[in-house]
Protein chains: 4
Amino acid sequence: MPVRVAVNGYGTIGKRVADAVAKQPDMTLVGVTKTRPSFEARSAVERGYRLFVAGGGSVDEFRAAGLPVAGTLDELLAESDVVVDATPDHVGEQHRAQYAAAKVAAVFQGGEPADVAEASFNALANYAVGRGKRRLRVVSCNTTGIVRAAAVLRERYGVTGWEATLVRRAADPAESKKGLMNGIVPTFQFPSHHGPDARTIFPDLPIATVALVVPTTLMHVHVNHVRLARPPASGAEVVEAFRSTPRFHLFRSWEHVDGTPQVMEYARDRGHGRSDMMENVLWETGIRLDGSDLHFFQAIHQESIVVPESIDAIRAMFDLAPDAATSIARTDRALGLTR
Amino acid sequence: MPVRVAVNGYGTIGKRVADAVAKQPDMTLVGVTKTRPSFEARSAVERGYRLFVAGGGSVDEFRAAGLPVAGTLDELLAESDVVVDATPDHVGEQHRAQYAAAKVAAVFQGGEPADVAEASFNALANYAVGRGKRRLRVVSCNTTGIVRAAAVLRERYGVTGWEATLVRRAADPAESKKGLMNGIVPTFQFPSHHGPDARTIFPDLPIATVALVVPTTLMHVHVNHVRLARPPASGAEVVEAFRSTPRFHLFRSWEHVDGTPQVMEYARDRGHGRSDMMENVLWETGIRLDGSDLHFFQAIHQESIVVPESIDAIRAMFDLAPDAATSIARTDRALGLTR
Amino acid sequence: MPVRVAVNGYGTIGKRVADAVAKQPDMTLVGVTKTRPSFEARSAVERGYRLFVAGGGSVDEFRAAGLPVAGTLDELLAESDVVVDATPDHVGEQHRAQYAAAKVAAVFQGGEPADVAEASFNALANYAVGRGKRRLRVVSCNTTGIVRAAAVLRERYGVTGWEATLVRRAADPAESKKGLMNGIVPTFQFPSHHGPDARTIFPDLPIATVALVVPTTLMHVHVNHVRLARPPASGAEVVEAFRSTPRFHLFRSWEHVDGTPQVMEYARDRGHGRSDMMENVLWETGIRLDGSDLHFFQAIHQESIVVPESIDAIRAMFDLAPDAATSIARTDRALGLTR
Amino acid sequence: MPVRVAVNGYGTIGKRVADAVAKQPDMTLVGVTKTRPSFEARSAVERGYRLFVAGGGSVDEFRAAGLPVAGTLDELLAESDVVVDATPDHVGEQHRAQYAAAKVAAVFQGGEPADVAEASFNALANYAVGRGKRRLRVVSCNTTGIVRAAAVLRERYGVTGWEATLVRRAADPAESKKGLMNGIVPTFQFPSHHGPDARTIFPDLPIATVALVVPTTLMHVHVNHVRLARPPASGAEVVEAFRSTPRFHLFRSWEHVDGTPQVMEYARDRGHGRSDMMENVLWETGIRLDGSDLHFFQAIHQESIVVPESIDAIRAMFDLAPDAATSIARTDRALGLTR
C-alpha cells in the first residue's frame, strides 16, 4: 500500500515535491495546502490536486475564487502517513507539534534549524540514517549540492581540505519586489553557514565556505578547490566519477553551455517538471585536476535540487527500498532523470 | 495523409514549432536543422527528432559529438511538403530560392521583410488569406499580439484610434553576452515598425506604436489606449470579449499575478512546452473602459506566441481545415491551450 | 541675511538638497539629520555639515562611531527659518506639527499627500503661488518632469489631450535588497496617480498617465503623446522651445546617447553633484511632430530632479527673488546647470 | 617643466586619466583623442580639453557637430613627451610603432599583452622598475587589485598560497547592448589569466585565480584565501596593515555598507572624479584571520582603479619623484584620495 503523503505549503519547493510524489509508484499524494487563493492555488487545482487550507487562510475566500477546498491542514494530516513541510523558513518548526499530535511523520526543509528533526538527510550521502526516523530534515539547496559532491569525492579520493565560494542567486524568478538589482553583496560570515550545515551530514568534512549574492534569479554557482588525499590518475577520471553518479549532469564542451542561462534553457528543452534541473550541474571544461588539487565549478538549481531528496527521505523513513541506490533509481526513473 | 513538415533552424522559435508540429494530428515532423553541435542539438536528438545539417555546418562535427545526422537541408526538403523557416532574421529570405527549387511551400517568420511571402498571416485575423498560398509570413511576436487584440476589438466595436507603447525585453533568457543590463533605451522611430507591420494584416488599422527596450528577458508588455467607434456597455463586456476568444489568457485579481515574473511562473506551473505562454496575457484589473476609450495592458511571450500561428499557417496553405475556428481549435487542443 | 535652512533626512533627496542649499548665495545650511551612523552620515561629516540626530536615534551611537553630533532635530529647528523635509514617504506629514511648533516654514516632498502643505509647487509652472506660504510641497520626480514639460507646451501651443506612459525604475542605485530583478510590473491603476498629481499644479491639464515598473535603477522614461490646440510650425520649433527653457537638456543625434545608461554617463562626465541630471532629458530624435500631435520621450533622474525645485520653493516662500526666472537662474547658476 | 602628456582614447579609462593628469602639479595635459563626435567628445570640450582626431576619424564630422578639433593624433604626439594609450584592448599594441616614431614614451593598459612594454607596473608593488623606461604597461583592474593586496601581505607576513575567486562585472555602466542579463558565467580556465598576470609584477606570487561573470555593472569582487608564512598577531593587525596603506579604503561595520551598491553610493557622495573609487575597497567585517589563513573580500572599481597607477607610471619613467611613496602621495593628494 502506497505511503500517503501530504505537502504543507504549495510554493517553490512544495509544488515540485507534490508533483514528484504524484509520480512515485509507492506513494500517494493526499493533498496540498495554500493559505490564500493565487495563481499557484489555481494551478494546483488544474493539476487535480486536492487543496486544503492552512495558515489561518479562509475557506470562504477560496470558494469566492471558485477554487474547491477539501478541508483544513488538520484534516489533511488525518488522512496522511507523512507530511513534507514546505512552508517558509522557520515556519516549519512551528508546525512540529501539530504534526506530532496528528501522528504523521515529517520531512522538513533546510531552512529549518537542524534540531527540528532527528537527523539531516541526503540520499547519496547518508540514506541509511533515515531509516525508521519520524522526522528528517533535507538539507538546503546549496548544502545538498555540496554533500552530493562530497559523496563522490570522499570515499574515492579522501578530502583533506576544501574551500568553496558560493555565488548565490538573489531571489527566485517569480519575485517581483525583492532582490539585488545591480551589485554584489558579500556575506560577512567566515565560514558561511553552509560549511557547518554540510557537517550535519558528513561531520568530519574539512570544508570552509564563503558566500556572496549576485543579481540573478536562475541558479547558484559554486567555485570549489578541493585537496585530495589519494589523487585520481587524471582529470578524466574525476569527470567519469561525477558522470557515473546519479544526480550529476555534466555538459560537454561541444554543447556550448557558457553558463547558467543555457543550463536553464537546456532544462526547459528537456522539459522536466517546471523547467527544473534537479542534478548538480558540472562542465567537463570546468573541472581541473592539478596534482592532488581539484578545482571545479558546479551550478545548483535552487528551486528543484532538494525535490528528489525529499522523496528519498520518505522512502528511507518508511523503509520502502532496500538501499540508497534502489531508492534513488526509483525516484529518478519516476522523475525522468535518466542518464 | 499528414502534411510533411520540415523545420529549418532549431533555435528559440524553431524548436517550439517542431514540438507543435509533432503534436498535430494532421502533420508529420520530418526533421529539423542545426548548423553545429550544441545542447539544443542534443536536446533535439533526445526528443527523437531527425537532425539535418544546414548553413554550411559539418556532418563530421556532429558525428564527433556523437549526434546522429540524417542528412543535409536539401535532403530534408526533398522529403517535405512545407518548411517552417526559423533561421535568424534576414537569413530566411536568403533561403527562399532554395525552398522554391525544392518545390516546398514555406512559412517565414516576422523578422523577414513582408515581401518574402505572398501574404502576412495571423490565424485570428486573416486565416482565409492563407488558403492555397505557397509562401506565408507569420508576423512577429509583438505584431501578433497587436493583431490578435485588433481582431477582438475591430469587428465588435470599431477602432478609430490606437496608441500602443511597446515595452520590449532586451534579450531572450538563454543569452549570456548581449542585452541591456541597467537602463531604458527608447526606439527613436515614430511610429516604431510594429504599427506598419500590423497593417500588413489589417491595412486600415489606425494604430501608432512607440517602443522602448528594458532590462528583462521574460516578456514584452504593451500599454494600449484604444478609441472605439461603438463603445461596449461596460468594461466587463470587454473582459468577456477577450476571455471568450481563443489565445487570450486573462488573470483574475485574486490570482495575485503582479507582473511578468508571475506570468512566467504560471506558465512553468502549467507546463506547456518549454514553460511557454502562447496566448496574449491580460489582467482583468489591467483593462479599463472610460467612455469610448479603452485602456489595457497585455504581456507577450516573445519565445512562443507565434508558434500556434505557424501551425495554422500550414493548415491554411494546405486547406486542412474548413475555417479559422476549426484550425485554431485543433491547434490549441493539441498544444493543451484549453480554456 | 541668508535664509537659514535645515534638512531633515539625509538620504537620496536630502543630501542633494543640502549640497544645493550650501551652494546658494542667499541661503545657509544650518545642518542635516540622520537617525543612525552610516556611510552617508560619515559623508555628511566629511562635507563639513553639522549633524543632528532625529527619529529616535541615539547620540551615543554616533559618538561611538566617532561622528560628532551637534544636537537633536528640535535644536536644529530652533536655529532655522525653514526645514526641507526629506524623510521617507508619509513620515514627513508626521513632522508637520513639530515644524509648526518650532515656527519654521517647511518644504515637503512629493511622497507626502498634497494636503500636507498649503500648495504644491514647481518653479517653472507656478512659482508665484509659493509666495509667502509657510508650507509648500514640491511634487514628486515624475510629476515634476510632467509639469515642466506642460509649462513649455501649454502656453505656447495649448494642450487638448495628453497620454503619458511612465516607465519607472524599480529601485534607487544604492538598494541592495529590494526591487524588480527580471520582469515588467504594470501599475493596475487608470490613471496612475501622476496625472491627478500634475493637476495639483495645473488643475485643467488634460493628461492621462499609465505606469509600469522595470528592472533598472537609473532613471524613469516617459513616453508622451500630446495633442496641441495651436500646432507649432515644425518639430524643430518644438525642439527649440524645449531647448530654450531652463531645466531641459536635449541630446543631439551625433552624441550617440542611445538611452539612460549613456545619459547617466554624461552626468558622471559633467560632474554635477553626485552624477546628477537635474533637468528633463530629451533627445532631438526622440521628438516628433505629426500635425497637431506631438510625440516625445523624456528621461527623469529620480534622485535629483526635485532638488532645484526645493531651492526655488524656499526662495518663493521667503520672497528672495522678484520672479521665477530670476530664482531659477540663480539656482541653476549655483548648481552649474549652465546651458 | 611639467611633463607633457597625451591621452589617446577618451573612453572609460582615458577620460579619467586625462582628468588625473590635468590635476597633477608636475604634468600638463596636451590633449585627448576621439574617433568620432559623441557625448564624451562634447564632455571633453566642456572640460576645456583640446580634442584631436584619431583612428581614421573625420575632422569634418567633428566640425559639423560644432566640436573644435586641434589636429590629428600625430600632431598631438608631436607636442607630447608621453602618451597614455587608452584605446580598446589590443588596439594599443598597434600604435606602438607610431609612438616610437614620434619619439614619445608610452603607458599602455592591462588589456595589451605584457610584451607591449618593457615592464608591467604597479606603484605600490614595483615603482622602481619603471625608472627610465620608455614603455610601461599598467596591469589591468583586477590584477592591480591583487598586486596591491600582495604588496601589503608579502613583505609583512610572507604568502605561501593564495586562492582568489574573481566575481566579475559583465559590462560597464554605460553599455546598452552587451553584457549578461540574468545568470552566472564561469570562466573555464584554470587559473584565469589574472594569476599569471600578477606574476608579471611579483614573479613568485603563489596565487591561483578563478573567475566568473555576473550581471552587474558596478564593481568586481574578489574572494581571497591567503596562507601566510608569518601569521599576524590578530585580524585587527591585518585590518590596520591595509588601512595604513595608500589606495586601500576600509569600511567599518557601523557604516552599513552591505555591498557594492553602497560602495558606489559612497563614491558618489565623496564626489571624486566621476563617482570613482580608485582604492581597493575592503570591509573590516570582511576580513578574517584564522591561524595563518587569511580570508578577505575586496571590491574593485574597474573604471578607475588603474588611473592613479597610470600617473605614477609617468612619474617613474620621467623620474619626477624620489620614490614610490612620494609619487603616490603626490598623485593621491591631487586626486583627493586623502585618508
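In what follows, chains are A, B, ... by sequence order, proteins preceding strands, each numbered from 1.
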Check your understanding: Out of C:His256, C:Arg252, C:Glu265, C:Arg270, which one pairs with D:Phe39 under the side-chain contact (heavy atoms from CB on, under 4.5 Å) rule?
Key ->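 Looking at C:His256, C:Arg252, C:Glu265, C:Arg270, the match for D:Phe39 under the side-chain contact (heavy atoms from CB on, under 4.5 Å) is C:Glu265.
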Review point. Do you know which of D:Glu40, D:Arg36, D:Lys177, D:Arg16 has the most heavy-atom pairs under 4.5 Å to chain C?
Key: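 Heavy-atom pair counts peak at D:Arg36.
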Review point. Chain C contacts: which residues in residues 45-63 of chain D have a non-hydrogen atom closer than 4.5 Å to it?
Key: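 Checking residues 45-63 of chain D against chain C gives D:Glu46, D:Arg47.
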Review point. Is chain C contacted by the side chain of D:Asn182, its backbone, both, or neither, given a heavy-atom distance below 4.5 Å?
Key: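 Side chain of D:Asn182 only, per the 4.5 Å heavy-atom cut-off to chain C.
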**Study point:** Toward chain D: residues of residues 274-282 of chain C with heavy atoms under 4.5 Å
**Key:** C:Arg274, C:Ser275, C:Asp276
Point to revise | Heavy-atom neighbours of C:Lys23 NZ exceed 12 at 6.0 Å | key: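 Yes, because the 6.0 Å sphere around NZ of C:Lys23 holds more than 12 heavy atoms from other groups.
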**Study point:** Flag if over 12 foreign heavy atoms under 6.0 Å of NZ, C:Lys178
**Key:** no
**Study point:** Between C:Ala65, C:Pro215, C:Gly259, C:Gly273, the one whose heavy-atom pairs under 4.5 Å with chain D are most numerous
**Key:** C:Ala65
Check your understanding: Looking at C:Asp269, C:Asp172, C:Val257, which has the largest count of heavy-atom pairs under 4.5 Å with chain D?
Key -> C:Asp269
Which heavy atom of [X] sits nearest a heavy atom of [Y], and at what distance?
X        : Y        : value
C:Arg42  : D:Glu255 : NH1-OE2, 2.6 Å
D:Pro173 : C:Pro261 : O-CB, 3.4 Å
D:Tyr266 : C:Ser43  : CE1-CB, 4.4 Å

Exercise for review: Check whether any side-chain heavy atom of C:Lys15 lies under 4.5 Å from a side-chain heavy atom of D:Arg268, and answer yes or no.
Suggested key: no
